[in-house]
Amino acid sequence: MFTQTNIVEKLNFFDINCDIEEVEKLIKLLRLEPIFEDEKGQIYYDDEAYEIIKRKLEIKKSQYETKEAEIVKNTPLLEQTAQTSALTTDKTGKNLEVVAQTISKKITSDLTEFIKKNISTEEAFKAGMFKRDNEILSKKLQDTISDNKRLIEKIRQLEYEIHKFHPLFGNIYIKSK
């Protein structure tokens, strides 16, 4: 189970840049239903909702990267730029900026891959997530145990009551006092 902030943290951890507003918009747009709301009003979503949001953001990211790649691909060579007008030079300056952004994103993605492969970081992230899940499950388990105790007591009362009835003949019973 994930809260909206958990979803944002996990997506950013796995190199899908987003913020809480973007996740909220996607939840409304995709009409994702929460599975649980605690007494504090914190809303929780299931793994399926997380995966849907993740896929949608990955598609947006890949579309953006495709556009960047097209711009980089269409960047004229420096030799050709020297022979063209000042307008083309402005385009090259913008294209160089896009190339610099692409390189910085590549470095960021390499660092992210290194962090993902570092087991202790991933385990620490999962431990925090599992701790919250365990707390919620613990509360649910305690509620189930208390319900079970009430049901056991009710069964005992009914068994005591059934022993008060004695068959008279056929399907007719007498209740003893």
Side-chain angles (χ1 to χ4, degrees), residues 1-76 78 90-152:
M1 291 190 296
F2 301 100
T3 63
Q4 289 180 0
T5 53
N6 294 127
I7 291 172
V8 171
E9 289 171 359
K10 189 170 181 181
L11 289 172
N12 284 326
F13 181 78
F14 290 111
D15 198 34
I16 300 174
N17 294 328
C18 65
D19 58 1
I20 191 95
E21 289 111 17
E22 192 171 5
V23 171
E24 287 175 354
K25 287 178 186 176
L26 280 175
I27 288 172
K28 288 178 184 176
L29 177 71
L30 300 171
R31 296 184 180 142
L32 299 175
E33 294 294 323
I35 58 168
F36 178 70
E37 183 173 348
D38 64 7
E39 60 277 353
K40 296 177 185 174
Q42 187 72 286
I43 299 173
Y44 293 88
Y45 296 91
D46 60 356
D47 292 334
E48 184 179 339
Y50 166 75
E51 290 298 326
I52 291 170
I53 293 169
K54 181 180 175 184
R55 274 187 255 126
K56 191 72 169 174
L57 289 172
E58 284 175 340
I59 289 170
K60 282 184 179 180
K61 181 181 175 185
S62 66
Q63 289 172 346
Y64 179 75
E65 288 174 351
T66 303
K67 287 179 184 177
E68 281 184 351
E70 288 175 5
I71 291 172
V72 171
K73 185 177 179 182
N74 294 331
T75 303
L78 292 176
D90 284 340
K91 289 180 184 177
T92 305
K94 290 178 184 177
N95 289 340
L96 290 175
E97 181 180 333
V98 171
V99 170
Q101 288 177 350
T102 306
I103 291 171
S104 68
K105 285 186 180 186
K106 176 65 177 157
I107 292 169
T108 304
S109 67
D110 289 343
L111 283 173
T112 305
E113 286 299 317
F114 175 76
I115 290 172
K116 284 181 189 177
K117 291 178 182 175
N118 186 350
I119 296 171
S120 61
T121 307
E122 188 172 335
E123 286 177 358
F125 177 75
K126 287 181 180 178
M129 183 175 58
F130 291 144
K131 183 178 178 184
R132 284 184 233 132
D133 288 348
N134 287 342
E135 289 172 359
I136 294 168
L137 289 173
S138 174
K139 288 177 185 176
K140 291 282 189 187
L141 185 61
Q142 288 173 353
D143 292 342
T144 305
I145 289 171
S146 63
D147 290 344
N148 194 14
K149 287 179 181 178
R150 279 188 253 127
L151 288 173
I152 289 170

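We count residues from 1, following the sequence as given. Model, not experiment: these values are computed from the prediction.
- Taken to the nearest 0.5 Å, the CG atom of Leu26 stands 10.5 Å off from the CD atom of Gln4.
- Minimum interatomic distance between Cys18 and Asn12 (heavy atoms only, all atoms of both residues): N-OD1, 3.0 Å.
- Atom OG1 of Thr144 is separated from atom CG of Leu151 by 10.5 Å, given to the nearest 0.5 angstrom.
- The minimum heavy-atom distance linking Gln42 with Asp38 is given by the pair N-OD1, 2.7 Å.
- At a threshold of 4.5 Å between non-hydrogen side-chain atoms, the residues Glu22 and Lys60 count as touching.
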Identify all side-chain donor-acceptor contacts of residues 43-55 below 3.5 Å with residues at least two apart in sequence or on another chain.
{"unit_1": "Asp46", "atom_1": "OD1", "unit_2": "Ala49", "atom_2": "N", "d": "3.0"}

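- Atom NZ of residue Lys149 and atom CD1 of residue Ile152 lie 8.5 Å apart, to the nearest 0.5 angstrom.
- To the nearest 0.5 angstrom, Thr5 atom OG1 is 13.5 Å from Lys10 atom NZ.
- A salt bridge does not link Glu135 to Lys140: none of the charged nitrogens lies less than 4.0 Å from a carboxylate oxygen.
- Note that CZ of Arg150 and CD1 of Ile145 are 12.0 Å apart. Values are rounded to the nearest 0.5 Å.
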Problem set entry | side chain to side chain contact (heavy atoms under 4.5 Å, CB included) assessment of Lys139 paired with Glu39 | CA-CA 12 Å; Lys139 288 177 185 176; Glu39 60 277 353; 3.5 Å; yes

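- Side-chain N/O atoms of Asn6 and Thr3 include a donor and acceptor closer than 3.5 Å.
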